[in-house]
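Counting starts at 1 for both ligands and their atoms, in listed order. Predicted model only: the values in this text are computed from it and were never measured.
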Amino acid sequence: MSRDKTPRIAFLDDIPSLREEMVAILEGAGLAATALSDPYEAIAKAERRELDLLITSLVMKPLGGFEVIRGVRGVGSDVPIIMLTSYGTEQSAIEANRLGIADYLTKPIASRELVARVRRVLKGDAEGPVTLAKMISSDSAMEAIFEKARVVASSESRILILGETGCGKQLLAHAIHEHSGRAKAPFVEVNCAAIPSGLLESELFGHEPGAFTGATKRRIGRFEAAGHGTIFLDEIGELSFDLQSKLLHVLEGGRFTRVGGNDDLKSQARLVTATNRDLHVEVEQGRFRADLFYRLNVISLTLPALRERPGDIMLLAEHFLKKFLPEGRRPPRFSNEAVQVLTTFPWPGNVRELQNVAEQIAVLHVGTEINVADLPQRIVHGADQATSPTVAAPSGNRSFRLEPFRDARDRFEREYLTESITAAGGNLAEAARRAGLDRAQFFRLAKKHGLSSNARR
Ligand SMILES: Nc1ncnc2c1ncn2[C@@H]1O[C@H](COP(=O)(O)OP(=O)(O)OP(=O)(O)O)[C@@H](O)[C@H]1O
């Protein structure tokens with residue numbers, strides 16, 4: 001559900017007076033709800049992604065509550081469902097739980113309690129995904145990290161975030177800042193790998209005029225800019241040995257000077273660092289100072305790679321698809337085969353890579369279903385390699401899988417077109433021009449591969 005839209009709630013029951021009562025309670029609490037009497041309509045709405053929450057009774061005609069849930073899940077919808085019943089038994093609660101419902105309520109229930117439970121499910125606090133600021137997950141290891149992050153956010157301790165590239169370290173650092181008492185002060189981020197080492201010292205600590213050639217004016221560094229906020233040093237493993245010593249000095253004394261200056265400045269900011277390197281190995285191999293490592297590693301949070309939390313793959317894919325879809329467009333659903341590919345692919349670039357794929361689909365896809373052919377070929381190929389045994393080549397010393405020529409050509413065409421259309425911002429004519437192809441030929445190829453420009457954002 002998008003945060004800025006009114007949640008679409010439907011209440012399904014075969015008794016008119018009950019439907020009216022429920023809708024009145026929800027509307028009285030400022031929640032818009034639709035009354036439904038036809039279970040097939042509820043299933044169809046779920047399939048068309050027209051619902052953010054379905055509340056269903058258990059005993060109804062022509063379909064009972066459990067049949068409705070199975071129907072909704074059967075059409076591929078993961079809309080949260082609340083079951084409401086006056087016939088609650090332990091057995092039915094167990095069955096409802098097994099079917100993955102968000103909440104199970106027994107009547108009579110006070111209006112206030114009902115509204116609170118509905119709000120909780122809509123916020124995703126119940127059985128659904130957990131969130132930490134902008135991070136979402138449905139994985140229990142991630143839930144534990146979010147919990148720990150909330151606790152340590154309010155402390156003053158330094159935090160080291162570990163994890164592969166693209167798995168959310170920056171987002172986690174920002175979430176910690178937002179949950180800390182420093183949330184109103186700046187969050188300043190420095191990517192230590194992106195700034196040439198010769199310039200990094202001045203970037204971090206600032207410089208005085210004349211400190212080096214070209215330094216004509218005083219420049220405030222990132223430590224000063226962070227004030228009482230948080231300074232996030234990403235890719236800390238890339239810091240030169242010289243800068244490691246300088247940073248250690250700041251951490252030990254809490255003070256620093258601008259390059260070329262004498263003023264002794266106090267560092268007030270809280271330090272959060274991150275790396276995708278194994279700092280233990282870096283220390284062992286003499287590339288990272290052990291004393292600095294121990295100073296940074298007061299509290300560490302390790303984010304699992306995306307492939308280690310497969311339950312997050314489709315959750316995030318659908319989240320990003322909705323995020324990047326042009327306003328007003330209904331999200332297409334992933335076919336079972338596409339889900340299979342996405343959940344098998346090892347995602348070396350983690351969430352960032354998945355986000356890029358979802359954005360590409362959101363911009364270029366037309367139609368209601370996303371099939372395997374709509375996914376980038378390298379993902380399909382990568383998933384295939386992850387599952388299929390390799391075939392030994394005749395020479396016996398190499399393994400390969402030979403793709404039929406026609407498939408390889410189609411794959412190339414599709415990837416080439418997708419990338420060129422994306423690069424041209426969805427404008428087919430411009431993409432054709434850049435590709436040096438005749439416009440009609442380009443349009444024909446795009447049509448053949450189901451790529452269109454009307455999906456522009
Ligand atoms: N759990 C999540 N929920 C929603 N978005 C996420 C989540 N994790 C990561 N992202 C998004 O994925 C992208 C990559 O995340 P981020 O930049 O935080 O990764 P990183 O680990 O810091 O990467 P790097 O190691 O390359 O610096 C960002 O756009 C981020 O917003």
Can you name the atoms of ligand 1, numbered from 1 with element, that are less than 4.0 Å from a heavy atom of [X]?
X      : value
Gln355 : 11 (C), 29 (O)
Ile136 : 1 (N), 2 (C), 3 (N)
Leu316 : 2 (C), 3 (N), 4 (C)
Gly166 : 14 (C), 19 (O), 20 (P), 21 (O), 23 (O), 24 (P), 25 (O), 26 (O)
Lys134 : 3 (N), 4 (C)

Only heavy atoms count here, so choose which of [options] is nearest to [atom].
atom                    : options                        : value
atom 14 (C) of ligand 1 : Glu189, Lys169, Arg277, Arg352 : Arg352
atom 16 (P) of ligand 1 : Gly349, Gly168, Cys167         : Gly168
atom 22 (O) of ligand 1 : Glu164, Gln170, Met142         : Gln170
atom 6 (C) of ligand 1  : Thr165, Leu162, Asp312, Leu171 : Leu171

For [X] and [Y], test the side chains for any donor-to-acceptor distance below 3.5 angstrom and give the result as yes or no.
X      : Y      : result
Ser245 : Arg289 : yes
Glu284 : His280 : no
Ser138 : Asp312 : yes
Glu164 : Asn276 : no

Below 6.0 angstrom between ring centroids: does that apply to Phe212 and His207?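 They qualify: ring centres under 6.0 Å apart.
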
Salt-bridge present (Glu224, Arg258; N to O < 4.0 Å):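 Yes, this pair counts.
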
Residues Glu189, Arg222: salt bridge by 4.0 Å N-O rule: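 So Glu189 does not pair with Arg222 through a salt bridge.
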
I need the nearest protein heavy-atom contact for atom 9 (C) of ligand 1: residue, atom name and distance, please.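 Among all protein heavy atoms, the one nearest atom 9 (C) of ligand 1 is Val351 CG1, 3.4 Å.
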
For ligand 1, indicate whether the residue Phe320 contacts it via side chain, backbone, both or neither (heavy-atom separation under 4.0 Å).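 It is the side chain that touches ligand 1; the backbone stays farther off.
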
Classify the contact between Asp234 and ligand 1 as side chain, backbone, both or neither, using a heavy-atom distance cut-off of under 4.0 Å.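 For Asp234, the contact with ligand 1 is made by the side chain alone.
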
Locate the shortest heavy-atom distance separating Ala46 from Leu51; write the atom from each residue and the value.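 Answer, listing the atom of Ala46 first, then Leu51: N-CD1, 4.1 Å.
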
